[in-house]
Participant: 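The structure under discussion is supplied below as structure tokens; questions concerning it will follow.
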Amino acid sequence: MANYQIVLLLLGPTRSGKTTFVQGTGAIPVDGKTEIGSTQQCKDYTIPIRGKSCLIIDTPGFDDSPALNLSVLNTLATKLLSSPPVNGVIYFHRVTNTRLTGSARSNIDLFLNICGRVFYGQTAFVTTMWNNINPKELQRFENLNRQIQSNISNKTTSLAHFRKFDTRKAGDAMAVLDHFATLPKLAQHAAPLLFAQELKRFGSATPTNVRRTTAGKLVIKDLNRGFCMIL
């Protein structure tokens, strides 16, 4: 297993811009395959940042369905136990999602439960789709972005880092990576990712153990709530 100084996990809903972000960094696929498309499985990329080796792990997107999110957790669990320890997480949110309700809120809660409270200082919350905003509506979405940041800041006790990612602006993606490269905590006393820590304690990444994790319990709760609503 290669030795990386920075290991970043990309999380977020399907079509939130995770893979487009990877393209923006110029990172190289570890497996040598150059095609970049919709991520069905976890995929590794590597790039040097400020003289440090960085591994970027792109992941399948969260969905509106708790059942599909459970499947994503199972995929993520297997990946995490076979990869170097993650010391940073980037969450992607479409700024065009004008309300933090329903699945958008559930997915953010899932992200927070994967990380755990002690890990919040090693996270970045990135709003995307700025390139799709009509210039006449820009101020409205800037105001919305501030509301989103305030909401997430409250949830993470002001420890998360916030960025915007606009595909038209060269350097937006690298600015996010640069934040992690200059984060003292990563080089000194990085906290463990809660989801990975729990899986290691349980001994394996079986579906049963995934359900026992804090993130797994949240998804099962959402799954049961949906089942009860159907009944």
Side-chain angles (χ1 to χ4, degrees), residues 4-14 16-18 21 39 42 44 54-63 66 69-94 100 103-128 148-163 165 176-177 179-202 205 209-222:
Y4 293 96
Q5 293 161 287
I6 302 172
V7 181
L8 301 177
L9 186 69
L10 309 188
L11 298 176
T14 302
S16 59
K18 299 188 303 297
F21 172 85
T39 306
C42 296
D44 293 346
C54 175
L55 177 68
I56 300 173
I57 305 174
D58 195 5
T59 65
F62 299 148
D63 208 286
N69 282 349
L70 187 59
S71 176
V72 171
L73 277 186
N74 285 325
T75 299
L76 186 58
T78 301
K79 178 62 178 177
L80 289 176
L81 290 192
S82 62
S83 298
V86 169
N87 54 15
V89 172
I90 306 173
Y91 186 85
F92 296 82
H93 175 81
R94 295 184 292 268
L100 282 182
S103 62
R105 184 178 295 277
S106 294
N107 289 336
I108 289 171
D109 287 343
L110 180 55
F111 147 64
L112 296 175
N113 279 270
I114 287 172
C115 293
R117 289 184 180 277
V118 296
F119 198 90
Y120 288 168
Q122 295 158 225
T123 65
F125 191 93
V126 177
T127 49
T128 62
I148 293 170
Q149 288 189 9
S150 177
N151 185 294
I152 301 303
S153 184
N154 288 337
K155 286 177 176 288
T156 62
T157 59
S158 301
L159 292 175
H161 179 70
F162 297 96
R163 284 281 182 177
F165 173 53
V176 178
L177 299 188
H179 162 72
F180 287 98
T182 56
L183 195 63
K185 190 172 185 180
L186 259 64
Q188 298 170 3
H189 303 290
L193 190 74
L194 177 62
F195 185 54
Q197 187 180 42
E198 290 175 326
L199 289 169
K200 288 180 180 177
R201 187 166 70 245
F202 298 152
N209 283 339
V210 169
R211 288 168 176 256
R212 294 172 61 197
T213 65
T214 303
K217 289 176 181 177
L218 178 69
V219 175
I220 295 302
K221 183 178 178 181
D222 287 342

Participant: Is it the case that the side chain of N154 and the backbone of S150 share a donor-acceptor pair, with hydrogens and angles ignored and the cut-off at 3.5 Å?
Facilitator: yes

Participant: Rounded to the nearest 0.5 Å, how far does CZ of F111 lie from CG of L218?
Facilitator: 13.0 Å

Participant: Is the shortest side-chain heavy-atom distance between Q149 and S153 below 4.5 Å?
Facilitator: no

Participant: For A191, is there any backbone N or O sitting under 3.5 Å from a side-chain donor or acceptor partner on Q122?
Facilitator: yes

Participant: Could you tell me the separation between the CG atom of L8 and the OG1 atom of T123, rounded to the nearest 0.5 Å?
Facilitator: 11.5 Å

Participant: Would you compute the distance between atom CG of L183 and atom CZ of F180 and round it to the nearest 0.5 angstrom?
Facilitator: 7.0 Å

Participant: Taking side chain to side chain contact (heavy atoms under 4.5 Å, CB included) as the definition, give me every residue that meets it alongside R211, ordered by chain and number, with sequence neighbours left out.
Facilitator: L70, I220

Participant: Determine whether T75 and C42 make a side-chain contact, defined as any pair of heavy atoms from C-beta on separated by less than 4.5 Å.
Facilitator: yes

Participant: Rounded to the nearest 0.5 Å, what separates atom CG in L9 from atom NZ in K18?
Facilitator: 10.0 Å

Participant: Is the backbone N or O of T214 less than 3.5 Å from a side-chain atom of E198, with the two atoms forming a donor-acceptor pair by type?
Facilitator: yes

Participant: Does the T127 side chain pair with the main chain of R94, one donor and one acceptor, at a distance under 3.5 Å?
Facilitator: no

Participant: Does Y91 reach the side chain of H93, with side-chain heavy atoms less than 4.5 Å apart?
Facilitator: yes

Participant: Exactly one of N107, N74, D222 should register a side-chain hydrogen bond (donor to acceptor under 3.5 Å, both in side chains) with N69. Which one does?
Facilitator: N107

Participant: List in chain and number order the residues that pass ring-ring contact (aromatic ring centres under 6.0 Å, His included) with F92, two or more places apart in sequence or in another chain; answer none if no residue qualifies.
Facilitator: F21

Participant: Look up atom NE2 in H161 and atom OG1 in T156, then write down how far apart they are to the nearest 0.5 Å.
Facilitator: 12.0 Å

Participant: With a 4.5 Å limit on heavy-atom distance, are the side chains of F162 and I148 in contact?
Facilitator: no

Participant: Checking N113 side chain against L194 main chain: does a donor-acceptor pair fall under 3.5 Å?
Facilitator: no

Participant: In Å, rounded to the nearest 0.5 Å, how long is the span from OG of S106 to CG of D63?
Facilitator: 12.0 Å

